[in-house]
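Some notes on the structure that comes next.
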Amino acid sequence: MTERAAEPNIEIPAHRYNAALANAIEAKWQDRWEADRTFYTPNPTGLLTEVNSERASLPKRYVLDMFPYPSGEGLHVGHPLGFIGTDVYARFSRMSGFNVLHTMGFDAFGLPAEQYAVRTGQHPSVTTAENIANYRRQLRVLGMAHDSRRSIATSDPSYYRWTQWIFLRIFNSWYDHEADRARPVSELSAELDGGTREPDDGSTWSELDDGERRDYVDAHRLVYRAEANVNWCPALGTVLANEEVTADGLSEIGNHPVYKRPLKQWMMRITAYAERLIEDLDLVDWTDSIKLMQRNWIGRSVGAEVRFTVAKHDGVDITVFTTRPDTLFGATYMVLAPEHPLVDTIVASSWPGCPAAWRGVFGVDVSPPEAVSHYREYVAKKSELERQSEGKEKTGVFIGAYAINPTTNEKIPIFIADYVLMGYGTGAIMAVPAQDARDWDFAKQFGLPIVRTVQPPEGFGDEPYLGDGPAINSGPLDGLNVVDAKRKMIEGLERGGWGRGTTTYKLRDWLFSRQRYWGEPFPIVYGDDDRPIAVPDAMLPVELPEVVDFAPRISDDPDALPEPPLARAEDWVFTELDLGDGLKKYRRETNTMPQWAGSCWYYLRYLDPTNEDAMVDPQVEKYWATGSRDGAAAAGVVDLYVGGVEHAVLHLLYARFWHKVLYDLGHVSTSEPFQRLYNQGYVLAAAYVDARGVYVEATEVVERDGVFTFEGEPVTREHGKMGKSLKNSVTPDDICTEYGTDTLRLYEMFMGPLDVSRAWNTSDIIGVHRFLQRLWRNAVDEDTGVAHVTDLPVDDETRRLLNRTIAAVRADMTNLRFNTAVARLTELNNRLTSVVARDGSAPREVVEPLLLMTAPLAPHIAEELWQLTGHPSTLAYEPFPEADAAWLLEDQVEIGVQVDGKVRARVMVPAGSDDAAHEAAARADAKVAALLAEKPVRKTIVVAGRLVNFIR
RNA sequence: GCCCGAGUGGUGGAAUGGCAGACACGGCGGACUCAAAAUCCGCUGCUCGAAAGGGCGUGUGGGUUCGACUCCCACCUCGGGCACCA
């Protein structure tokens, strides 16, 4: 602000709306909303029924933000963009007659708190509590109308008790593919015991002993343990998910080297839901681009599995997956993933006659097994960046063995190469260089034969051909197009027992365990036989032990073994429990859950956060999931979910997966969690880089004539996402102090459409601040602080503008177009300014609807003015204004007159007049008449109320 | 490399087949003031013109249409996502 109150002869009116007054009003209303419990949302039954209880009979609307990780930095103005958007929408929804659920929790487990703890010795629970307190303070300053009782933190034992409870529901389930849903494993055991179901692995149930039966059931659970090739990061002492490793092979957090190594891990069988996760995207209102991202991530592909026999190894088969079974005649070699289990079985002890290049780059003297182990080492070390820079350069090693192509009976060499991944399909491919770009590059590199099986068009070059065409060199398939050839090949494979049509997914099972301290402990113990046993529900939560040394055992040695911090809490790990058969000794699971676990279901806990008997009361769940709402029946419980697009795949997919398991088991009544998803844009800001390429503090950069300097040194300007790393943060606290919260809220909503990234520019804020100042001045005498409103009617033109504004703002609010809503309100307010200048007072007929429409955006000033204009109670539940249709119509409308598509004149016509009247009015214009006199008119187009176009 | 999205005044943006540039910032001018600030009023896409008025204009090039920022094709640039997915 540039108020110069300190200078002597300056008179600022005593009641001018400036930062000081705004802050006083804001503090007053924030205190009052809290004291009056204004935004408590009633449940229809159960624990949270006592305040605002009459609203529980209204249709419900559930508005949700992606909850934040409470970092030590606090919020910058980029964070609340979505929060303000949902707050505006929630306030608008309350005024539109909905019982609105809106609150804010904290995704409080996670690596940053743990790393900070390792550095400083401060316990993560202490820093987390401090950070949450700071976030709550900042959110309160922003004027959020949250139901504070419903806030949760995922690291709170009263919350993660239920995360563990859900884990056990999933652990105790299996996927019944015939019924296409998850069912309790107790039912699986009962069916096997009762003989109504046979094991699906060829064994006979009655011949299995108790241990084998348990192993069978364990192997079918939705949560299971498996050796997984994981990203082991010795420096963090933990295993990272693929998604947490950067493109150059470093940990996303901390940039430490990451090595691949096999390790026994907990997995969740999300792949069982692959098909439903794709299909049910049709039920939700998400943007097509987000749906497409999820579909691509799940990556369904339809094709066939083909069995190849291995020459000189009787009974050893390799099964491959291919999307192009029609090209089998052109399979001239085969590639296994380097870690494929059959490699060690079939690798030759010495090279058969083969080109030297096939032996790899490890020297001519090494044997095939040595070459294999060298290559595996090479692959484990190779970073993603190095692979990327290789481009079309392919690497691999011939393992000295041959497979038989079942269609040609020819021997084809078997290679290992890192372009084949163990986690996709069967970890083995048949290579068809003529019809696949990667196989083509590999074949060219290693001098392997290329046989076309699809006829490319005339003039096609020396390249792989991926298009359609008649089959050639393919025996009985010759002449068929790709689709028909695929079908015929699959029939042939199935008849001959060489394969079958099948579908695979890119999606892999979810690696669920972490070797960290600051996460949910698994509710799992091990008995003497080392088989996992679920901790009974009654013993939940399994609380994190209060260890002193919670740091993971970090190491520079890539061969070091992961040791979770919890393993060192021996008093906790070794325990005596009575699991129904007397006190016995058990060992606790020492892995913890990933951060995604807590965020998979927080929206369900918001429904009934204080319930100690259930995750959520079933009746409460039913109300918020299926309770009457405005439109058609919905598949998702949350009506509007707003958050960053960076969660487009992982979080949203994991949460959908958990929700579907809970749905299958009857714990929730909708098949999807989030009905409407909206991705807000990022707040960008200028950032400055010095000569060394290091970011400098943006607030201290000086501009002169387009040249930017920092401490006298020239710096370069860039644009990037606001945040600590670019040193360009602006905090909401500073803006609230300098202009007021309402100004900040209004500015963030006015900057642009919610879903578009926008540049922060503090100097633009003054515009919306002036809007509020003018609104205040229109309703209140700046000298006395008393409202000057009149009950006299307004002129017709103003009344028309009022009603047009109401109609437009209502539509904008519904569609989250807050930027244009602010523009419409500004227009109306500017009109009101002229009316006040003319009449000396403001017509209540305009002021009141204007206040009510402004209230969702700038609630504090709206409440204050509502009170000053004579209303004792809050406007939070006042009905949102409705337009009077009679005043939406004009007497006269201006239309454009085009001659040959060019606008040449504008004329007035009576509203609702017919085409002939439009044309007559247009022809009556002197300029138009002059133009039309030059040449005859061939055709006339009239769009009523819009334009007339004369074509000559 | 593949996939998705976006390119409109000096700036943020508005208009989803029908009068391009709403609203705001910035700029220019005026009123008020000794003066400045604040406030209020007016002008502000580029260009030719003293003016009246004309020409051009939504990344580029084509196309569909009486009419295209909007739909289609190709290209360019920027942003985001993915990593050899058979």
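Values reported hereafter were calculated over all heavy atoms of this structure, with side chains retained and with hydrogens, waters and symmetry mates removed. Lettering of chains follows the sequences in order, A, B, ..., and the numbering in each one begins at 1.
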It should be established whether [X] places a side-chain nitrogen or oxygen under 4.0 Å from OP1 or OP2 of nucleotide [N].
X	N	value
A/N761	B/C25	no
A/R824	B/A14	no
A/R777	B/C40	yes
A/R817	B/G13	no
A/N829	B/C23	no
A/R16	B/U39	no

Using a 4.0 Å heavy-atom cut-off, does A/R938 contact any base of the nucleic acid, only the sugar-phosphate backbone, or nothing at all? nothing
Provide, to the nearest angstrom, the distance between the [atom1] atom belonging to [X] and the [atom2] atom belonging to [N].
X	N	atom1	atom2	result
A/L775	B/C23	CG	C1'	16 Å
A/E894	B/C19	CD	P	12 Å
A/Y739	B/C25	OH	P	12 Å
A/Q773	B/C40	CD	C1'	13 Å
A/R804	B/A22	CZ	P	16 Å
A/Q898	B/A68	CD	P	9 Å
A/K486	B/A86	NZ	P	10 Å
A/M751	B/C23	CE	P	20 Å

Considering only atom [atom1], compute the distance from [N] to [M] and round it to an integer number of Å.
N	M	atom1	result
B/C25	B/C34	C1'	31 Å
B/G9	B/A15	C1'	15 Å
B/G49	B/G17	C1'	35 Å
B/C23	B/C56	P	27 Å
B/G26	B/C19	C1'	27 Å
B/C73	B/A68	C1'	15 Å
B/U44	B/U11	C1'	14 Å

Is it the case that [X] and [Y] place a side-chain donor and acceptor less than 3.5 Å from each other?
X	Y	answer
A/N18	A/Y739	no
A/S763	A/N761	yes
A/T395	A/Y375	yes

Now, which nucleotide makes the Watson-Crick or G-U wobble pair with [N], with each of the two distances under 3.5 Å?
N	result
B/A86	none
B/G10	B/C25
B/A15	none
B/C2	B/G81
B/C32	none
B/C75	B/G59

- [ ] May I ask you to decide if A/T323's main-chain N or O and A/K486's side chain share a donor-acceptor pair within less than 3.5 Å?
- [x] yes
query = Is A/R777 salt-bridged to A/E782, cutoff N-O under 4.0 Å?
reply = yes
Note to self: Tell me whether A/R831 is salt-bridged to A/E827, with the criterion being a basic N under 4.0 Å from an acidic carboxylate O.
What the structure shows: no
Practice item. Check step by step if side-chain hydrogen bond (donor to acceptor under 3.5 Å, both in side chains) holds for A/T743 and A/H769. Key: CA-CA 5 Å; A/T743 297; A/H769 186 69; 3.0 Å; yes
Comparing nearest nucleotides in RNA chain B, the 5'-proximal residue of the pair A/N296, A/A905 is A/N296
Per the glycosidic torsion and the 90° limit around 0, nucleotide B/G9 is syn
